[in-house]
Amino acid sequence: MDLLYRSTRSKSEPVRASQAILKGLADDGGLYVPELVPGLEKSLEELSQMTYQETAYEVMKLFLTDFTEAELKDCISKAYDDKFDTEVIAPLVEADGTYYLELFHGATIAFKDMALSILPHLLITSAKKNNVKNEIVILTATSGDTGKAALAGFADVEGTRIIVFYPKNGVSPIQEKQMVTQRGKNTFVVGITGNFDDAQTGVKQLFGDKELADVMDGAGFQFSSANSINIGRLVPQVVYYVYAYARLFKEGKVEKDEKINVVVPTGNFGNILAAYFAKNMGIPIAKLICASNENKVLYDFFETGVYDRNREFVLTSSPSMDILISSNLERLIYLTAGADADKNAAFMSALSTVGRYEITADMRAQMEDFYGNYASEQETAAAIRALYEKTGYVIDTHTAVAAVVCGKYKKETGDNAKVVLASTASPFKFTRSVMNAIDKKYDAMSDFELVDELSKLANVKVPRAIEEIRTAPVLHDTVCDKEEMKAVVMKFLGI
């Protein structure tokens with residue numbers, strides 16, 4: 001039976017998975033949500049014997065029902081190959097009583113690789129299935145990690161072009177160098193003079209520009225998205241939570257059906273929503289712990305039921321979470337509103353016009369499995385230093401935000417259930433912040449001196465992704481104001 005996808009904002013006809021992946025965003029501006037979250041078909045015992053690739057097939061086949069077995073297995077084998085520096089793809093590392101799910105072993109050393117390694121293959125397969133003749137233009141905004149992971153995934157993929165917008169002064173030096181040195185004749189990277197929310201809003205406006213869509217169609221192009229709003233990003237993220245639990249069971253770390261808590265450093269809400277889907281598929285997850293940095297709009301939302309983006313935007317040492325509009329939260333709003341598209345559309349309209357909305361008491365009750373808190377910059381740095389001094393294990397700033405919030409949750413509740421913490425980026429991606437947290441003496445070093453020092457300190461080889469950009473030339477130097485994004489896109493496409 002086909003699992004269909006509906007828009008969160010209207011009662012328009014549902015679409016198949018391949019159509020939802022191709023479109024990225026629904027015509028009404030809504031996000032695609034499956035009509036139901038399917039239950040796992042394999043037992044925990046069976047899952048525990050599977051490789052990452054086999055687990056991916058078992059999970060994704062339930063969501064992507066219009067893909068044949070051969071098509072889906074081909075996408076999976078092309079995605080999860082030697083681009084990853086470990087055969088297990090997503091290792092679990094125990095440190096100080098917490099299981100760190102390392103999601104940074106892919107080509108760009110951040111968790112976005114987990115989904116963006118497979119999205120190009122899902123997209124090209126979807127285009128063939130739907131007889132698409134146009135060239136697909138991936139248009140995406142990034143707060144640092146999605147951009148490079150998408151660029152790496154789509155570089156020189158036939159039938160596609162990719163345009164990435166990032167906040168010029170809102171990403172780490174390593175993140176920026178990774179993007180602006182990206183090779184591939186179909187790639188284009190643009191810094192904007194604004195923050196991530198400006199970039200994301202601009203991209204959404206371009207997706208909603210019907211006049212532009214007509215012009216592009218006439219020139220043989222159509223937009224699609226690599227942002228976490230695309231269901232083709234969300235579904236592969238569900239896999240690693242299923243895999244992590246199965247690994248814990250295999251290794252005797254949890255009993256059958258023993259509930260665990262999952263902690264996720266959260267900006268755009270996609271990664272923790274994937275854990276929510278895994279829970280609804282039958283994985284024994286108790287609490288979904290949502291960790292924010294000083295841009296604590298999600299913490300305030302879970303505390304009060306009011307989502308309010310009218311606040312100062314803070315640049316932090318965990319830039320991938322420097323977000324005030326958490327796009328994927330819309331999917332949870334829609335689901336807890338009883339899949340009422342009109343109700344959800346009213347909330348989203350309020351968010352775009354007055355910058356805030358308040359959910360009902362009934363919706364809040366349905367979110368009881370979520371816990372939100374946040375970490376200050378000082379707490380984040382202290383967590384990196386404390387874990388290193390105690391165990392020798394070095395984590396990045398985003399992972400440290402999650403570690404702080406995990407500690408706060410345990411202290412508040414006394415809940416000592418086992419914890420899987422999503423470690424979303426390699427410390428090598430945020431070297432200066434990480435090394436400064438360990439000892440201020442490192443601040444005098446250059447970025448690449450710090451990389452070598454971190455390698456010695458953590459006893460970890462410098463990742464290939466970092467070695468590659470040491471001497472790579474800058475290939476992208478376009479910078480524009482947020483109002484110029486449309487003109488920049490048209491120029492790149494030669495329209």
| request: Would you sort out whether Gln237 and Phe111 count as a side chain to side chain contact (heavy atoms under 4.5 Å, CB included), showing the intermediate values? | output: CA-CA 9 Å; Gln237 290 179 277; Phe111 84 97; 3.2 Å; yes
Donor-acceptor check, side chain of [X] to backbone of [Y], threshold 3.5 angstrom: yes or no?
| X | Y | answer |
| --- | --- | --- |
| Arg331 | Ile229 | yes |
| Lys408 | Tyr374 | yes |
| Thr360 | Met363 | yes |
| Asp322 | Leu315 | no |
| Arg309 | Leu351 | yes |
| Lys279 | Ala286 | yes |
| Gln178 | Gln175 | no |
| Asn280 | Tyr276 | yes |
| Thr187 | Gly184 | yes |
| Glu449 | Ser446 | yes |

Any side-chain heavy atom of Val235 within less than 4.5 Å of one from Pro34?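 Heavy-atom side-chain distance check fails, nothing below 4.5 Å.
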Check each of [options] against [X] using the side chain to side chain contact (heavy atoms under 4.5 Å, CB included) test, and report the only one that passes.
| X | options | value |
| --- | --- | --- |
| Glu294 | Glu377, Met321, Glu379 | Glu377 |
| Leu332 | Thr8, Val33, Leu273 | Leu273 |
| Lys42 | Leu47, Val242, Val59, Thr55 | Leu47 |
| Val189 | Leu151, Ile163, Leu475 | Leu151 |
| Thr397 | Ile384, Thr316, Asn293 | Ile384 |

Rounded at 0.5 Å granularity, tell me how far [atom1] in [X] sits from [atom2] in [Y].
| X | Y | atom1 | atom2 | result |
| --- | --- | --- | --- | --- |
| Glu54 | Glu46 | CD | CD | 11.5 Å |
| Leu119 | Ile21 | CG | CD1 | 7.5 Å |
| Thr98 | Asn261 | OG1 | CG | 10.5 Å |
| Gln182 | Lys177 | CD | NZ | 13.5 Å |
| Ile283 | Leu40 | CD1 | CG | 5.0 Å |
| Ile333 | Leu31 | CD1 | CG | 12.0 Å |

Grab the two heavy atoms, one from [X] and one from [Y], that are nearest each other, plus how far apart they are.
| X | Y | value |
| --- | --- | --- |
| Gln366 | Leu335 | OE1-O, 4.3 Å |
| Gly24 | Tyr32 | O-CD1, 4.1 Å |
| Thr142 | Tyr166 | CG2-CB, 3.4 Å |
| Ile138 | Ala226 | CG2-CB, 3.5 Å |
| Pro236 | Tyr52 | O-OH, 4.2 Å |
| Ser143 | Ser320 | OG-O, 3.1 Å |

Given Phe84 and Tyr80, is the ring-ring contact (aromatic ring centres under 6.0 Å, His included) satisfied, shown in steps?
CA-CA 7 Å; Phe84 288 80; Tyr80 304 112; 5.8 Å; yes
Does a sphere of radius 6.0 Å around [atom1] in [X] hold more than 12 heavy atoms from other residues, nucleotides or ligands, not counting ones at 6.0 Å or beyond?
| X | atom1 | result |
| --- | --- | --- |
| Asn310 | CG | yes |
| Glu87 | CD | no |
| Arg470 | CZ | yes |
| Lys83 | NZ | yes |
| Glu412 | CD | yes |

Check: Step by step, would you call Tyr388 with Val434 a side chain to side chain contact (heavy atoms under 4.5 Å, CB included)?
Finding: CA-CA 10 Å; Tyr388 169 69; Val434 168; over 6 Å; no
### Message
Closer than 4.0 angstrom, basic N to acidic O: yes or no for Glu453 and Lys456?
### Response
yes
Could you walk me through whether Tyr357 and Phe347 pass the ring-ring contact (aromatic ring centres under 6.0 Å, His included) check?
CA-CA 6 Å; Tyr357 60 83; Phe347 288 131; 5.3 Å; yes
Next item on the list: Begin with the C-alpha distance, continue with both residues' side-chain angles, and end with the deciding distance and a verdict on side chain to side chain contact (heavy atoms under 4.5 Å, CB included) for Asp308 and Phe301.
Entry: CA-CA 8 Å; Asp308 190 347; Phe301 170 70; over 6 Å; no
Side chains of [X] and [Y]: is there a donor and an acceptor less than 3.5 Å apart?
| X | Y | answer |
| --- | --- | --- |
| Asn268 | Asn328 | no |
| Asp113 | Thr108 | yes |
| Thr413 | Lys287 | no |
| Asp452 | Ser455 | no |
| Ser317 | Ser433 | no |
| Gln200 | Ser327 | yes |
| Thr193 | Lys168 | no |
| Asp415 | Tyr371 | no |

Fill in: Criterion ring-ring contact (aromatic ring centres under 6.0 Å, His included) on Tyr100 and Tyr393, from CA distance to verdict
CA-CA 10 Å; Tyr100 288 82; Tyr393 187 60; 5.4 Å; yes
* To do: Evaluate side chain to side chain contact (heavy atoms under 4.5 Å, CB included) for Ile174 paired with Ile469, printing each intermediate quantity in order.
  => CA-CA 9 Å; Ile174 296 281; Ile469 62 171; 4.2 Å; yes
Looking at Phe428, is Lys461 sitting on its ring face, NZ or CZ under 6.0 Å from the six-membered ring centre and within 45 degrees of the normal? no
List, one per line, each side-chain donor-acceptor pair under 3.5 Å for residues 435-442, sequence neighbours excluded.
residue : atom : partner : partner atom : Å
Asn436  : ND2  : Asp443  : OD1          : 3.1
Asp439  : OD1  : Lys441  : N            : 3.0

